[in-house]
Asker: 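Sharing a structure here in structure tokens format.
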Amino acid sequence: MAVTLGLNHTFVSEFILIGFSTFPPLQLMFFLLFLLMYLVTLLGNLLIMATIWSEHSLHTPMYLFLSTLSISEIFYTFAIIPRMLADLLSALHSIALLACASQMFFSFTFGFTHSFLLTVMGYDRYVAICHPLRYNVLMSPRGCACLVAWSWVGGSVMGTVVTTAIFNLTFCGPNEIHHFFCHVPPLLKLACGENVLEVARGVGMVCITALLGCFLLILLSYAFIVATILKIPSAEGRHKAFSTCASHLTVVVVHYGFASVIYLKPKGPKSLEGDTLMGITYTVLTPFLSPIIFSLRNKELKVTMKKAFLNKLFLQNS
């Protein structure tokens, strides 16, 4: 919908999410697939949180950060996927300007909170392996609470900065967003005015700087971790030390691997279908893989989950 403000100027009050309408025969299959992946994502994260909160032996900084990561992932997917699923079954794909801004704010807030928490978890592993005698001091309850709080604050600042910059632009029509949610690149294509290019560069620079900053801090943490592990004389000791980092490192590779494809891909001819399918990797696939990786690669968490499940099964049968 566009409201006319003058002879040659209109103001867009709502957008149309094109999304998967370019794949008409596949929409039902996409709906069932994404619904299944979304339910697995929700259940996986809820199971991780319930296991950590109910098991006293897991009340440590590492698992505090993991449960907080699960919370941010649930919120992130909730900001995007339910709307996407509804659009797959609906003929009407319109979204109000304010709803679009809200979706962008929450997706960026929880997305960057996730990145900041992964960085904090890398620091936690660095302290645990490189400075074990100072771990309880450096990772005190108050210190952990501050790290978690600053991660959420940082995510909120990123969401506010990006959303404010984009929605201070003027959208003069057309109003068709060639994506399945309100993302920055397709919205920039709909903006008009002299400052669109500057805003696009500024938002891109802020996002890339934040992501690269987090990634470089994680790399630095693991550089010190690897150097420390290599000094451990026994192979068993090295394996045990590295096993505590395996799940986190795997999630980092998946998270930043897909993020780099999105933010650092070279400019060139792009198809609308390709951009839509690429968006699935960081909105559906990455959140889907994260709880699975932590559940399977973290031995302590996996054993605790099995024990809790078997205990409940035994109590039900007795």
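Hydrogens, waters and symmetry mates are skipped; everything else that's a heavy atom, side chains included, is used.
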Asker: Does the plane of the ring in F112 sit parallel, tilted or perpendicular to the ring in F108? Use 30° and 60° as the thresholds.
Answerer: parallel
Asker: Just verifying a value: how many Å separate F34 CZ and T283 OG1, rounded to the nearest 0.5 Å?
Answerer: 7.5 Å
Asker: Taking the side chain as every heavy atom from C-beta outward, state whether M104 and L187 have any atom pair closer than 4.5 Å.
Answerer: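 A side-chain contact under 4.5 Å exists here.
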Asker: Establish, yes or no, whether a centroid distance under 6.0 Å links the rings of H179 and F15.
Answerer: no
Asker: Taking C-beta and beyond as the side chain, do K240 and T244 meet within less than 4.5 Å on heavy atoms?
Answerer: no
Asker: Which one of L64, L301, I48, L66 satisfies the side-chain contact (heavy atoms from CB on, under 4.5 Å) criterion with L58?
Answerer: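 The residue from L64, L301, I48, L66 that satisfies side-chain contact (heavy atoms from CB on, under 4.5 Å) with L58 turns out to be L301.
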Asker: Can you measure from CZ (F167) to SG (C182) and round to the nearest 0.5 angstrom?
Answerer: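 So the gap between those two atoms works out to 5.5 Å.
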Asker: Can you sort out the partners of R83 under salt bridge (charged side-chain N to carboxylate O under 4.0 Å, His left out), two or more places apart, ordered by chain and number?
Answerer: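 With sequence neighbours excluded, R83 shows a salt bridge (charged side-chain N to carboxylate O under 4.0 Å, His left out) to D87, given in chain and number order.
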Asker: More than 12 non-hydrogen atoms from neighbouring residues, nucleotides or ligands closer than 6.0 Å to NE2 on H239, yes or no?
Answerer: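 Check fails, neighbour count at 12 or below.
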Asker: Rounded to the nearest 0.5 Å, what separates atom CG in D124 from atom CE in M139?
Answerer: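 If I round to the nearest 0.5 Å, the distance is 4.5 Å.
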Asker: Surrounding CZ of F78 (heavy atoms of other residues, nucleotides or ligands, distance under 6.0 Å), is the total greater than 12?
Answerer: no
Asker: Could you pull out all donor-acceptor pairs under 3.5 Å where a side-chain atom in residues 225-236 meets a protein atom, sequence neighbours excluded?
Answerer:
| unit_1 | atom_1 | unit_2 | atom_2 | d |
| --- | --- | --- | --- | --- |
| T228 | OG1 | F224 | O | 2.9 |
| S234 | OG | G237 | N | 3.0 |

Asker: Mind checking the OG1-CG spacing from T113 to L118? Nearest 0.5 Å is all I need.
Answerer: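 One finds 11.0 Å between OG1 of T113 and CG of L118.
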Asker: Could you check whether the rings of W152 and F110 sit parallel, tilted or perpendicular, using 30° and 60° as the cut-offs?
Answerer: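 It falls in the perpendicular class, over 60°.
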Asker: Is the closest side-chain donor-acceptor distance between Y282 and H255 under 3.5 Å?
Answerer: no
